[in-house]
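Here's the structure we're looking at; comments come further down.
As the structure lists them, so they are numbered: ligands from 1, and atoms in each ligand from 1.
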Amino acid sequence: MLQLQSTTLRAYNTFGIDVQATRLAEIATSEDILEALEIRQKENRELLILGGGSNLLFTRDVDDLLLLNRLKGISHSFLSEDEVLVEAAAGENWHTFVQFCIENNWGGIENLSLIPGNVGASPMQNIGAYGVEIKDVFHSVRAMHVADGSIHEFDAPTCKFGYRESIFKREQKGKFIILSVSYKLTRRNHQLNTTYGAISQELQSQGISNPSIRDVSNAVMAIRRSKLPDPAVLGNAGSFFKNPVVDNSLLESIRLKYPNVVAYPAGDSHSKLAAGWLIETAGWKGYRRDDAGVHALQALVLVNYGSATGAQIWQLSQDIVDDVHSKFGVELEREVNVY
Ligand code: FAD
Ligand code: NAP
């Protein structure tokens with residue numbers, strides 16, 4: 001029988017926002033989910049799935065049925081001498097799963113080491129870091145339809161993965177409970193991606209010239225630990241905004257005034273601007289208003305110094321959006337899911 005709790009969500013979101021939930025239940029089996037769907041229907045409530053709470057900003061109390069995803073289990077089958085198909089239940093911790101794959105010498109997700117949260121959220125925004133996105137190794141997702149409990153399987157084209165995007169964040173938002181995700185990984189001849197960001201520099205400084213997937217994972221972890229605030233110490237949800245993709249004509253007009261603008265080619269006639277550079281150049285890095293702030297080392301990360309409310313963080317984010325727009329003519333979009 002599903003236990004419904006009334007509790008503060010402070011420990012359930014990495015921003016550490018103190019809102020109340022009136023109906024929180026842990027789901028560990030398909031039966032738990034079906035029972036939750038019955039309660040939802042009987043009480044005519046909305047439903048919200050909570051993974052690690054590392055990509056969420058709560059701005060209000062939650063009266064919806066809040067399901068804490070605790071679905072566990074990892075299985076695999078070898079497709080060939082070269083490839084393995086690994087299926088992980090949605091409630092598995094993402095970083096622990098990455099380490100499990102590395103221990104088995106299964107390659108493809110080592111660049112995604114140390115991303116907080118659960119496996120179930122990995123397709124939500126097509127998680128990405130250091131030149132690798134989940135879509136690069138994705139096979140399929142199994143999900144339950146909230147409306148009628150039916151099970152569906154989605155392949156990569158159906159998920160419509162984009163930059164920090166998928167159908168689960170757009171047209172199918174809130175309509176499916178992701179149960180498990182399958183990834184196709186390599187067993188040998190791993191395709192290492194070490195050219196992005198500071199990975200090759202980090203490997204060089206460690207004296208490693210012929211890296212393994214373990215070496216790449218270790219390098220990524222070292223870089224992340226040196227730059228990103230640990231949510232256990234300082235509340236945050238990683239990058240608050242996406243890197244905006246703009247027309248090259250806008251980039252050139254920005255470059256006239258700011259020759260050091262950080263930009264990368266993004267398809268025909270477009271470029272991806274580093275949102276962190278825009279926010280920092282607009283003067284927000286290290287800014288603090290009450291307990292809501294902009295991280296001192298990485299301007300893309302908004303932080304909670306202790307008792308900030310979700311509304312305060314949201315207002316700070318809106319002031320940044322407005323200021324960046326007035327200074328550069330660029331509209332920043334939030335990456336974090338605002339509730
Ligand atoms: P949650 O925050 O719990 O949920 C996020 C959204 O997904 C919510 O809308 C929720 O309802 C929905 N959801 C979650 N699970 C399910 C499910 N099973 N079924 C249906 N809906 C579901 N992200 C990156 O892409 N790359 C990074 O490098 C990165 N670095 C980060 C670093 C830090 C320090 C932090 C705090 C965050 C970072 N993030 C990064 C963001 C975040 O960790 C990822 O987006 C992660 O996948 C979120 O997982 P979660 O389980 O915490 O999701
Ligand atoms: P960084 O290496 O300082 O780079 C700054 C920005 O430039 C990043 O946003 C990255 O875009 C882009 N970039 C760097 N090298 C690039 C290249 N060769 N080609 C195209 N774009 C390039 O960034 P960081 O803040 O330390 O983060 C490192 C990685 O971890 C990034 O991939 C970042 O996305 C990821 N990360 C994500 C979150 C999150 O919450 N989403 C939080 C922390 C870190 P991309 O962001 O598009 O990669």
Side-chain angles (χ1 to χ4, degrees), residues 9 12-16 27 33 46-58 64 66-71 89-95 111-134 141-144 146 163-166 168-169 172-181 193-201 220 223-245 262-266 271-278 280 295 297-303 335-339:
L9 291 180
Y12 294 98
N13 70 101
T14 60
F15 253 126
I27 47 164
I33 303 179
E46 293 293 319
L47 186 145
L48 181 69
I49 311 294
L50 187 57
S54 64
N55 202 13
L56 269 169
L57 176 68
F58 286 113
D64 298 346
L66 186 58
L67 301 184
L68 195 54
N69 172 12
R70 296 281 192 246
L71 300 165
E92 291 287 343
N93 174 271
W94 173 258
H95 178 67
N111 290 41
L112 305 178
S113 297
L114 223 54
I115 296 181
N118 290 355
V119 162
S122 64
M124 292 293 301
Q125 69 158 14
N126 177 26
I127 55 168
Y130 300 97
V132 173
E133 292 178 317
I134 207 62
V141 64
R142 274 181 63 250
M144 188 183 279
V146 170
Y163 173 64
R164 308 287 189 264
E165 279 299 344
S166 77
F168 301 109
K169 245 185 137 171
Q172 300 295 358
K173 190 176 162 146
K175 294 187 182 154
F176 283 92
I177 300 171
I178 293 174
L179 303 174
S180 69
V181 188
N193 192 332
T194 57
T195 55
Y196 208 88
I199 298 184
S200 52
Q201 223 175 311
V220 167
I223 302 166
R224 292 184 74 105
R225 287 199 174 107
S226 71
K227 285 177 91 168
L228 288 168
D230 177 357
V233 179
L234 186 59
N236 75 90
S239 306
F240 200 88
F241 302 100
K242 295 180 187 179
N243 289 323
V245 174
V262 179
Y264 298 88
S271 295
K272 179 182 76 178
L273 305 183
W277 180 89
L278 293 167
E280 181 176 348
H295 192 241
L297 297 179
Q298 169 52 287
L300 200 46
V301 178
L302 301 192
V303 294
E335 179 179 309
V336 169
N337 300 279
V338 178
Y339 179 90

Exercise for the section: Please could you name the atoms of ligand 2 that G238 approaches to less than 4.0 Å, counting only its heavy atoms? Expected result: 40 (O)
Problem - Pick from A129, G128, G120: the one approaching atom 26 (N) of ligand 1 most closely through a non-hydrogen atom - result: G128
Exercise for the section: With heavy atoms under 4.0 Å as the rule, classify the contact between N118 and ligand 1 as side chain, backbone, both or neither. Expected result: both
Practice task
Mark the output for K169 as yes if a heavy-atom distance to ligand 1 is under 4.0 Å, and as no if none is.
Solution key: no
Exercise for the section: Give yes or no for whether the N/O distance cutoff of 3.5 Å, strictly under, is met between P229 and ligand 1. Expected result: no
Handout entry: Enumerated ligand 1 atoms positioned under 4.0 Å from heavy atoms of I115
Key = 26 (N), 27 (C), 28 (O), 29 (C), 40 (C), 43 (O)
Completion exercise
The protein heavy atom nearest to atom 49 (O) of ligand 1 is A121 CB, 3.2 Å
Completion exercise
ligand 1 to N69, heavy atom cutoff 4.0 Å, flagged ligand atoms 18 (N)
Completion exercise
ligand 2 atoms nearer than 4.0 angstrom to some heavy atom of N243 are 8 (C), 9 (O), 11 (O), 45 (P), 46 (O), 47 (O)
Practice task
Give the atoms of ligand 2, by number and element, whose distance to some non-hydrogen atom of L228 is under 4.0 Å.
Solution key: 43 (C)
Practice task
May I ask you to check if ligand 1 and N126 share an N or O to N or O distance below 3.5 Å?
Solution key: no
Practice task
Quick one: look at F176 and ligand 1, take heavy-atom pairs under 4.0 Å, and tell me if it's side chain, backbone, both or neither.
Solution key: backbone
Exercise for the section: For the residue pair R225 and L114, establish whether any side-chain heavy-atom pair is separated by less than 4.5 Å. Expected result: yes
Exercise for the section: Compute the shortest N/O to N/O distance between I127 and ligand 1 and return yes if it is under 3.5 Å, no if not. Expected result: no
Handout entry: Polar contact flag for E335 and ligand 1 (N/O pairs, less than 3.5 Å)
Key = no
Exercise for the section: Please work out whether any backbone atom (N, CA, C, O) or any side-chain heavy atom from C-beta onward of N337 is under 4.0 Å from ligand 1, and answer side chain, backbone, both or neither. Expected result: side chain
Completion exercise
Near Q298 (heavy-atom distance under 4.0 Å), the atoms of ligand 2 are 24 (P), 25 (O)
Handout entry: For N55, atoms of ligand 1 separated by under 4.0 Å from a heavy atom
Key = 2 (O), 42 (C), 45 (O), 48 (C)
Practice task
State whether the shortest distance between N or O atoms of Q125 and N or O atoms of ligand 1 falls below 3.5 angstrom.
Solution key: yes
Handout entry: Under 4.0 Å to a heavy atom of E335 - the qualifying atoms of ligand 2, by number
Key = 39 (C), 40 (O), 41 (N)
Exercise for the section: Tell me which part of N236 gets within contact of ligand 1: side chain, backbone, both or neither, using heavy atoms under 4.0 Å. Expected result: both
Exercise for the section: Report yes if some N/O of G238 lies less than 3.5 Å from some N/O of ligand 1; otherwise report no. Expected result: no
Practice task
State whether the shortest distance between N or O atoms of G52 and N or O atoms of ligand 1 falls below 3.5 angstrom.
Solution key: yes
Problem - Contacting atoms of ligand 2, where contact means under 4.0 angstrom from a heavy atom of Y163 - result: 46 (O), 47 (O)
Practice task
Mark whether atom 5 (C) of ligand 2 lies under 4.0 angstrom from at least one protein heavy atom.
Solution key: no
Practice task
Heavy-atom distances under 4.0 Å are what count here, so tell me which part of L300 touches ligand 2: side chain, backbone, both or neither.
Solution key: neither
Problem - atom 17 (C) of ligand 1: nearest protein contact (heavy atom, Å) - result: I49 CG2, 3.5 Å
